[in-house]
Protein chains: 4
Amino acid sequence: MSQVQVDKWNMILDAAYELFGANGFYETKMSDIAERAGIAKGTLYLYFSSKEQLFTAMTKRDFEQFLERLTDGLQQSESLKDRLSVVASHHLGYFYERRDYTKLFFMMPNNDPEMLQEIQSFIMQYIRILATMLEGDGFREAKLLAKSFVGILDMMKMDILFDPSFQEEDVSQRVVFATDLFMNGCMHQK
Amino acid sequence: MSQVQVDKWNMILDAAYELFGANGFYETKMSDIAERAGIAKGTLYLYFSSKEQLFTAMTKRDFEQFLERLTDGLQQSESLKDRLSVVASHHLGYFYERRDYTKLFFMMPNNDPEMLQEIQSFIMQYIRILATMLEGDGFREAKLLAKSFVGILDMMKMDILFDPSFQEEDVSQRVVFATDLFMNGCMHQK
Amino acid sequence: MSQVQVDKWNMILDAAYELFGANGFYETKMSDIAERAGIAKGTLYLYFSSKEQLFTAMTKRDFEQFLERLTDGLQQSESLKDRLSVVASHHLGYFYERRDYTKLFFMMPNNDPEMLQEIQSFIMQYIRILATMLEGDGFREAKLLAKSFVGILDMMKMDILFDPSFQEEDVSQRVVFATDLFMNGCMHQK
Amino acid sequence: MSQVQVDKWNMILDAAYELFGANGFYETKMSDIAERAGIAKGTLYLYFSSKEQLFTAMTKRDFEQFLERLTDGLQQSESLKDRLSVVASHHLGYFYERRDYTKLFFMMPNNDPEMLQEIQSFIMQYIRILATMLEGDGFREAKLLAKSFVGILDMMKMDILFDPSFQEEDVSQRVVFATDLFMNGCMHQK
DNA sequence: AATGAATGAGAATTCATTCAT
DNA sequence: TATGAATGAATTCTCATTCAT
């Protein structure tokens with residue numbers, strides 16, 4: 001792919017992100033995406049073979065970015081507590097930034113095995129990063145602990161996405177809360 | 001509604017539950033539901049005004065049952081730990097029983113405000129029950145704690161729904177794990 | 001099927017006949033057929049599962065009528081020559097009546113096995129009727145003779161369909177010509 | 001056109017022949033033809049202005065070859081019977097060689113006047129060759145006789161194309177059969 | 001002359017919903 | 001109250017053709 005093509009590829013994914021995110025998979029038309037990306041309908045199909053595949057590609061790009069940034073963020077912190085804060089901050093920040101794209105997290109194409117595969121792979125990688133971190137600090141049942149922490153964070157997305165009075169500063173409070181709760185809970189797990 | 005009508009109403013909801021659960025909202029046809037319920041397509045519309053409304057009604061019935069049983073279960077236990085175990089057991093058991101209806105938890109109609117309203121209302125009630133419980137035991141930030149506990153439990157549904165090797169006895173282990181982790185974490189919150 | 005439904009079924013086939021006949025399979029839209037039949041597009045699909053199936057059904061009805069009328073016509077004649085005249089007359093008359101539906105005989109859906117099956121079955125039946133007739137009169141190689149006669153007649157359809165100056169009285173001349181030629185040719189085949 | 005261009009022109013026609021023949025006009029894509037011919041899609045349009053025109057050109061080349069070879073074959077034979085055998089042999093041999101390209105004879109673009117014109121012109125020339133031959137031998141109604149002979153032969157293509165058990169030696173039998181039948185039939189026409 | 005990326009018109013089919021019986 | 005035949009809006013994807021390079 002030439003640079004021009006890579007750019008176009010990304011423009012399509014950007015357009016798809018906004019429309020799928022705002023309206024959901026089934027409520028978004030391919031023609032809308034094409035229009036928003038500034039290209040013809042047919043061109044979409046030069047880059048993605050179907051609507052499902054476009055959605056999956058879009059999600060994959062987002063997942064990869066999420067994990068990349070997480071890994072970057074973790075490099076700068078040393079203590080477990082700091083690292084957990086980074087994770088929490090990154091997780092909640094992610095949803096805060098995307099609070100206008102709620103549909104992304106509740107609607108996805110139904111029977112697409114590639115999409116399911118992508119989601120499962122993402123969760124596995126995410127959990128593995130955390131679990132490795134916890135194991136390094138001597139915790140038993142690191143994987144279950146990792147899932148629990150992610151669970152705590154993920155439940156908080158509900159407020160972020162649906163509570164209109166939720167402010168940016170509330171994010172930091174939640175970060176502290178989740179990290180403390182989890183750290184305390186963990187201590188007995190060693 | 002006469003008893004006959006109530007029965008028919010429930011039969012439709014049963015049929016809808018199985019089909020929506022197995023195939024998702026968009027992949028389920030009203031005609032399939034009618035057939036499974038043993039009635040004519042048109043009759044569906046005597047009981048529910050639209051596909052969305054049928055889905056919402058079905059979900060609502062399920063939510064209500066969930067909360068009802070939870071409340072019943074909590075009546076028999078005294079200590080906080082016992083009660084948390086009941087909650088965890090109920091939450092994870094619910095998903096274990098429904099592990100063949102995965103689509104229910106990932107596919108729902110997109111732009112239906114009544115459905116969103118129903119979900120939010122359910123979560124609120126669920127959280128309130130837990131929060132009240134925790135407040136009664138003297139915890140600060142009871143609502144956030146409640147959400148965290150639910151978050152931990154809800155993340156575990158991923159394994160239950162998607163890990164084919166997940167057994168019934170694994171459920172109890174998770175119950176213990178989640179309760180312990182949370183209890184320990186909470187202790188410092190008083 | 002109720003009488004109303006049978007009538008509607010036939011009306012659709014009539015509409016399909018005219019449009020497919022005038023414009024060909026690929027150039028005819030389902031919506032046009034629906035409009036001509038005075039029903040909604042969706043209704044078409046209550047009677048026929050696809051465009052191909054509609055075309056095949058239409059052809060089948062026509063084939064059956066062709067053979068039925070042929071059999072009827074043959075009942076009234078005794079001598080071989082009379083019978084051959086009836087066949088020729090029926091064959092050429094058929095095309096003369098349909099000279100505005102040329103597309104029917106040159107365009108058909110491509111890869112539809114059911115359609116091919118239908119055509120082959122029709123030819124086989126047509127040939128068998130003639131062959132049986134010839135065998136009854138003591139001819140050897142009756143099947144090949146039958147095919148030859150049909151071949152002679154069928155080549156004449158070209159003039160009927162494409163020569164604008166072809167008149168109804170020309171049909172009778174051709175009938176006489178084809179029958180004589182064939183009879184004379186046959187005589188040595190006994 | 002330079003020699004290189006003529007070669008390319010023929011290569012395109014070869015590719016078109018195989019694909020149209022195997023799959024039919026509507027089921028063959030221009031891009032497939034380009035790929036098979038080893039050139040780019042756009043290049044096709046430097047040689048042929050449209051898909052229809054490409055099909056027509058391909059058919060025309062085939063028709064011309066057919067008539068050329070027929071004329072060549074007729075030069076070597078003297079008696080009427082020999083000549084008719086040559087015609088029959090050529091006609092049936094043509095279809096036998098092309099028995100894998102059935103679609104060519106049943107699928108063609110529908111509404112292209114140039115194509116229709118080409119077919120009619122071919123038939124006219126074919127018939128004229130035969131008719132001239134028959135007139136030279138003193139037959140009346142030579143044109144109708146010619147058409148009849150072609151009709152007999154053309155009906156036999158059905159078996160050649162669709163009967164999988166049809167062998168090369170069956171071709172010769174048919175040649176003899178058709179020629180005899182026709183000769184006998186003709187005798188009374190003088 | 002050759003390329004192939006881009007275009008966009010075009011049509012079959014599905015299915016929620018209605019309403020006459 | 002129950003039926004199911006009829007409706008028609010709505011959308012994906014294909015592919016012949018163009019044109020900037």
Side-chain angles (χ1 to χ4, degrees), chain A residues 1-2 4-5 8 26-35 37-54, chain B residues 1-2 4-5 8 25-35 37-55 109, chain C residues 1-2 4-5 8-9 26-35 37-54 109, chain D residues 1-2 4-5 8 25-35 37-55 109:
Chain A
M1 274 212 293
S2 71
V4 173
Q5 283 175 311
K8 200 166 279 188
Y26 289 93
E27 273 70 16
T28 299
K29 288 182 271 177
M30 287 298 264
S31 56
D32 293 342
I33 296 175
E35 194 181 11
I39 57 171
K41 229 184 326 167
T43 310
L44 238 40
Y45 288 86
L46 296 178
Y47 290 82
F48 305 96
S49 60
S50 70
K51 193 181 176 187
E52 277 78 12
Q53 207 234 309
L54 170 54
Chain B
M1 275 210 293
S2 72
V4 173
Q5 284 174 313
K8 201 168 277 189
F25 181 78
Y26 289 94
E27 270 68 16
T28 299
K29 290 183 263 177
M30 288 297 265
S31 57
D32 292 341
I33 295 174
E35 194 183 12
I39 57 169
K41 232 183 325 171
T43 311
L44 239 38
Y45 288 85
L46 297 177
Y47 291 81
F48 305 95
S49 61
S50 71
K51 193 182 179 186
E52 277 78 11
Q53 206 238 309
L54 170 54
F55 187 92
Chain C
M1 274 211 294
S2 72
V4 173
Q5 282 174 312
K8 200 166 281 191
W9 191 81
Y26 289 94
E27 273 69 17
T28 299
K29 287 182 270 178
M30 287 298 265
S31 56
D32 293 341
I33 297 175
E35 195 182 10
I39 58 170
K41 230 179 330 165
T43 310
L44 238 40
Y45 288 86
L46 296 178
Y47 291 81
F48 304 95
S49 61
S50 69
K51 194 182 175 186
E52 277 78 12
Q53 208 235 308
L54 170 55
Chain D
M1 272 209 294
S2 72
V4 172
Q5 283 175 313
K8 200 168 278 188
F25 181 79
Y26 289 94
E27 271 68 16
T28 298
K29 291 183 260 177
M30 288 297 265
S31 58
D32 292 342
I33 296 175
E35 194 183 12
I39 58 169
K41 231 184 323 172
T43 312
L44 239 40
Y45 288 85
L46 298 177
Y47 291 81
F48 304 96
S49 61
S50 71
K51 194 184 178 186
E52 277 78 12
Q53 206 238 308
L54 170 56
F55 187 91

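Chain A is the first sequence line, chain B the second, and so forth, proteins listed ahead of strands; every chain is numbered from 1. Bear in mind that the values here come from a model prediction, so they are computed numbers and not experimental data.
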Study note, to complete from the structure: A:Glu52 CD to F:dT12 P, in whole Å, measures 10 Å
Study note, to complete from the structure: Whichever of C:Leu46 and A:Gly42 has the more 5' nearest nucleotide on DNA chain F, that residue is C:Leu46
**Study point:** D:Glu35 CD to E:dG4 P, straight-line distance once rounded to whole Å
**Key:** 11 Å
Review point. Roughly how many Å is it from OH in C:Tyr26 to P in F:dC15, rounded to a whole number?
Key: 12 Å
Practice item. State whether the side chain of B:Gln53 and the backbone N or O of B:Ser49 hold a donor-acceptor pair below 3.5 Å, judged by distance alone. Key: yes
Point to revise | Distance, nearest 0.5 Å, that separates CD of B:Glu27 from CG of B:Asp32 | key: 11.5 Å
Review point. Can you tell me how far P of F:dT18 sits from NZ of D:Lys51, to the nearest Å?
Key: 15 Å
Review point. Counting side-chain heavy atoms from C-beta on, which of E:dA1, F:dT17, E:dA16 comes nearest to D:Gln5?
Key: E:dA1
**Study point:** Donor-acceptor pair under 3.5 Å, C:Lys41 side chain vs E:dT13 base
**Key:** yes
Check your understanding: Could you state the CZ-C1' distance from C:Phe48 to E:dT13, rounded to the nearest angstrom?
Key -> 16 Å
Point to revise | Closest heavy-atom pair and its distance - B:Glu52, B:Phe25 | key: OE2-CZ, 3.7 Å
Practice item. Would you indicate what C:Ile39 reaches in the nucleic acid, counting non-hydrogen atoms under 4.0 angstrom: base, sugar-phosphate, or nothing? Key: sugar-phosphate
Revision key, fill the gap. Pairing partner of E:dA16, by Watson-Crick or G-U wobble and under 3.5 Å for both distances, is F:dT7
**Study point:** Atom pair distance, as rounded to whole Å: CE in C:Met30 and P in F:dA9
**Key:** 17 Å
Exercise for review: Taking only the side-chain heavy atoms of C:Lys8 (C-beta and beyond), determine which of F:dT1, E:dA6, F:dA6 contains the nearest atom.
Suggested key: F:dA6
Point to revise | Interatomic spacing from CD1 in C:Ile33 to CG in C:Leu54 - rounded to 0.5 Å | key: 5.0 Å
Study note, to complete from the structure: Closest of F:dA6, E:dA12, F:dG4 to the B:Ala40 side chain is F:dG4
Study note, to complete from the structure: Here the distance between atom P of E:dA6 and atom CG of A:Leu44, to the nearest Å, is 11 Å
Practice item. Inspect the surroundings of CD in A:Glu35 and state if more than 12 heavy atoms from other residues, nucleotides or ligands are less than 6.0 Å away. Key: no
Check your understanding: Within this structure, what is the CG-to-C1' distance between A:Leu54 and F:dT11, rounded to whole angstrom?
Key -> 15 Å
Point to revise | Earlier contact from the 5' end, DNA chain E, for A:Val4 and C:Ser49 | key: A:Val4
**Study point:** Earlier contact from the 5' end, DNA chain F, for B:Gly38 and A:Thr28
**Key:** B:Gly38
Check your understanding: Quick one: is B:Lys29 getting a side-chain N or O under 4.0 Å of the E:dC15 phosphate, OP1 or OP2?
Key -> yes
Exercise for review: Measure from the side chain of A:Tyr45, starting at C-beta and using heavy atoms only, and say which of F:dT17, F:dT12, E:dA16 lies closest.
Suggested key: F:dT12
Revision key, fill the gap. Comparing nearest nucleotides in DNA chain E, the 5'-proximal residue of the pair D:Tyr47, C:Ser31 is D:Tyr47
Check your understanding: Under 4.5 Å between any side-chain heavy atoms of A:Thr43 and A:Tyr47, yes or no?
Key -> yes
Check your understanding: Who does E:dA1 pair with, Watson-Crick or G-U, both distances under 3.5 Å?
Key -> none
